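See structure below.
Residues: numbered from 1 along the sequence shown. Just so you know, ligand 1 is whichever comes first in the structure, and atom 1 is the first atom listed for that ligand. Keep in mind that what you see is a predicted model, and the values were worked out from it rather than measured.
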Amino acid sequence: MSVSTTSHRPRHGFQTDDPALVPIADKVQAGERLGFEEGVTLFRSGDMLAVGWLANLVRERMHGDLAYFNVNRHINPTNVCVASCRLCAFGRKKGDTGTYTMALEEAYETAAAGYSEAVTEFHIVGGLHPDLPFEYFMDLVRGLKQRFPKVHIKAFTMVEIAFLAKRGKMTIAETIDRMKAAGVDSMPGGGAEIFADRVRHIICDHKIDGGEWLETARLAHKAGLRSNATMLYGHVENEEDRIDHMLRLRALQDETGGFQTFIPLAFHPDNTSLGHIPKTTGMLDLKQIAVGRLMLDNFAHIKAYWQMVTPKIAQISLRFGADDIDGTVIEEKIYHDAGATTPQGMRRADLERLITEAGRIPFERDTMYRAVTRSEDSFTVAV
Ligand code: V47
């Protein structure tokens, strides 16, 4: 069956009751890049449908009706962490109750436990453990590659790489090279949070700063690894901070082209020391997706991560700029420790249903956005 990826619905033109959106709409329709002030205007506009319409226009230009998902498994090898980020409910100090660190065999067993649907990706992130040797991470990656040679390993955030480099007295470039040689295929987008110092000091004072995150990403891209980029919103940041964050990502993407996907992450306050902050609303979640699509004109993909924004908002996002809803995940820990009430995983069929009911065409991708074809409990990737 041949599937048309382009949208043939008639377009009735842009309409808004917010005059500030009119010149922005002209630029978007002409394919021109938006600037800082225009980004802030989009955030401040009350005409959500108009902002969403523009984001959807760009999304359909790039991807037609396709909506991407993957069959993946998250593995969090340890929750022991030297940092004490106020945003986080997952990390624990060594010796505290509730800490865990997987022995290598345990990590391999965890990987195998989600294999019934033939996962195509392991997503591996964890705490900054004070004692785990660099070899543990090398063996973890090597062992997984040996046991699951077809599975793409997307592992370790820029924050973990910078930490392991410092602890192992290696350069960041060397650390990345060694990870790559062990079998890391690409890197997830975590740890970016919000780049602005004022915000970072409040929510994650113990992490590398925004400049260091970007520099680590630059080096990863230079070494030939693709990565994602996240942004944590809905806490103490303002619209300017969010636009600044996205523009700094856009500038690096102009330089390296190494980012695959932008993933805005909605802050979950429960069990964090920012527990007084209210949860994000559906309007903000959709607005963030839409503004992300409009500002990041050089990012191929915008992901509405269903675990973070709920499956219902992820589904609606497919009409507000998002083209990807992430994957099966299987066992999510980071947001569930922070009070997320979404399921810890979803099956392939559930993701396909969300997409189809949004009027989009489900496209199972691997991490590099290549088509995955399934037979029985195995898969092949189009090259
Ligand atoms: O960097 C931590 C966030 C991130 C909380 O690359 C929280 O495909 C909300 O980056 N409330 C890690 N967020 C997860 C991540 C990710 C997820 C899915 C896909 C990809 C990808 C990357 O989780 C952290 C931080 O920003 N986080 N605590 C919290 N309480």
Side-chain angles (χ1 to χ4, degrees), residues 68-70 72-76 79 81 83-92 120-128 152-161 163 184-195 199-200 203-204 206-208 210 213 217 220 225-237 245 249 258-275 277-280 285 288 299 301-310 314 322 324-342 345 365-369:
Y68 305 89
F69 71 98
N70 74 347
N72 63 348
R73 186 186 224 296
H74 282 208
I75 304 172
N76 306 119
N79 66 352
C81 191
S84 308
C85 298
R86 294 189 72 197
L87 68 91
C88 183
F90 172 71
R92 306 238 190 312
T120 61
E121 170 191 285
F122 293 135
H123 167 116
I124 309 174
V125 298
L128 308 179
H152 180 108
I153 299 187
K154 183 180 78 179
F156 312 123
T157 62
M158 306 306 158
V159 177
E160 290 166 276
I161 292 293
F163 175 76
V184 168
D185 297 303
S186 73
M187 291 171 67
E193 321 309 1
I194 285 278
F195 293 139
V199 177
R200 239 176 150 77
I203 64 169
C204 58
H206 305 88
K207 267 184 192 162
I208 52 173
W213 190 97
L225 288 180
R226 307 296 298 273
S227 81
N228 290 335
T230 57
M231 182 183 88
L232 187 73
Y233 66 94
H235 41 87
V236 299
E237 89 291 359
H245 186 95
L249 289 173
F259 289 118
Q260 304 223 93
T261 311
F262 176 63
I263 313 158
L265 299 171
F267 178 56
H268 284 244
D270 291 355
N271 307 321
T272 74
S273 63
L274 297 171
I277 293 178
K279 288 193 168 80
T280 63
D285 293 335
Q288 177 52 58
F299 273 62
H301 302 283
I302 305 290
K303 189 189 281 185
Y305 181 33
W306 66 265
Q307 286 272 5
M308 287 301 236
V309 293
T310 74
D324 189 322
I325 58 171
D326 202 75
T328 48
V329 180
I330 303 178
E331 194 181 3
E332 203 293 312
K333 291 197 204 314
I334 298 177
Y335 322 110
H336 286 82
D337 282 354
T341 53
T342 47
R365 60 164 178 89
D366 73 345
T367 313
M368 310 309 285
Y369 287 83

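- Between atom CE of residue Met187 and atom CD of residue Glu160 there is a gap of 8.5 Å, rounded to the nearest 0.5 Å.
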Hey, mind stepping through Val329 and Gln307 against side-chain contact (heavy atoms from CB on, under 4.5 Å) and telling me if it holds?
CA-CA 9 Å; Val329 180; Gln307 286 272 5; 3.6 Å; yes
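- The single protein non-hydrogen atom nearest to atom 1 (O) of ligand 1 is Gly191 N, 2.6 Å, given as residue, atom name and distance.
- In this structure, Met158 and Ser227 have side chains that are in contact, with non-hydrogen atoms separated by less than 4.5 Å.
- Contact annotation: the side chain of Asn72 never approaches that of Thr120 to less than 4.5 Å [non-hydrogen atoms, C-beta and beyond].
- Between Leu87 and Leu232 the shortest side-chain heavy-atom distance falls below 4.5 Å.
- For atom 6 (O) of ligand 1, the closest non-hydrogen atom on the protein side is Gly189 N, 2.8 Å.
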Kindly determine whether Glu237 and His245 satisfy side-chain contact (heavy atoms from CB on, under 4.5 Å), including the steps that lead there.
CA-CA 10 Å; Glu237 89 291 359; His245 186 95; over 6 Å; no
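- With contacts defined as side-chain heavy-atom distances shorter than 4.5 Å, the pair Phe299/Asn228 does not qualify.
- Tyr233 places a side-chain heavy atom less than 4.5 Å from the side chain of Asp285.
- Only the backbone of Ala266 comes within 4.0 Å of ligand 1, judged by heavy-atom distances.
- In this structure, atom 21 (C) of ligand 1 lies nearest to the protein heavy atom Ile263 CD1, 3.2 Å.
- Residue-level proximity to ligand 1 for Thr272 is carried by the side chain, the only part with a heavy atom below 4.0 angstrom.
- The nearest protein atom to atom 26 (O) of ligand 1, hydrogens excluded, is given as Glu193 OE1, 2.4 Å; this is a heavy-atom distance.
- At the top of the distance list for atom 10 (O) of ligand 1, counting protein heavy atoms only, stands Gly190 CA, 2.9 Å.
- Looking at Tyr305 against ligand 1, only its side chain comes within 4.0 Å, counting heavy atoms.
- Checking Ser273 against Arg86 by side-chain atom types alone, a donor-acceptor pair falls below 3.5 Å.
- For the atom pair CZ (Phe267) and CE (Met231), the distance works out to 14.0 Å, reported to the nearest 0.5 Å.
- Shortest contact from atom 7 (C) of ligand 1 to any protein heavy atom: Tyr335 CE2, 3.7 Å.
- Residue contacts with ligand 1: Thr230 is placed with no nitrogen or oxygen under 3.5 Å of a nitrogen or oxygen of the ligand (distance criterion only).
- Of the polar atoms of His268, at least one N or O is found under 3.5 Å from an N or O of ligand 1, judged by distance alone.
- Below 4.0 Å from some heavy atom of Met308 lie the following atoms of ligand 1, by number and element: 9 (C), 13 (N).
- Per-residue contacts place Ala338 under 4.0 angstrom from the following atoms of ligand 1 (heavy atoms of the residue considered): 30 (N).
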Audit row: Arg365, Asp324, side-chain contact (heavy atoms from CB on, under 4.5 Å) steps and yes/no
CA-CA 10 Å; Arg365 60 164 178 89; Asp324 189 322; 2.8 Å; yes
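- Each of the following atoms of ligand 1 lies closer than 4.0 Å to a heavy atom of Lys154: 6 (O), 8 (O), 21 (C).
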Does the side-chain contact (heavy atoms from CB on, under 4.5 Å) test come out yes or no for Val236 and Ile277, once each step is laid out?
CA-CA 8 Å; Val236 299; Ile277 293 178; 3.9 Å; yes
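- Ranked by closest heavy atom to atom 28 (N) of ligand 1, the top entry among Thr280, Leu87, Asn271 is Leu87.
- Protein heavy atom nearest atom 20 (C) of ligand 1, with residue, atom name and distance: His123 CE1, 3.4 Å.
- Nearest to atom 4 (C) of ligand 1 among the protein's heavy atoms is Leu265 CD1, 3.7 Å.
- Listed by atom number, the atoms of ligand 1 under 4.0 Å from Asn228 heavy atoms are 6 (O), 8 (O), 21 (C).
- Of all the heavy atoms of Ile334, the ones lying under 4.0 Å from any atom of ligand 1 belong exclusively to the side chain.
- If you number the atoms of ligand 1 from 1 as listed, the ones under 4.0 Å from a heavy atom of Pro188 come out as 6 (O).
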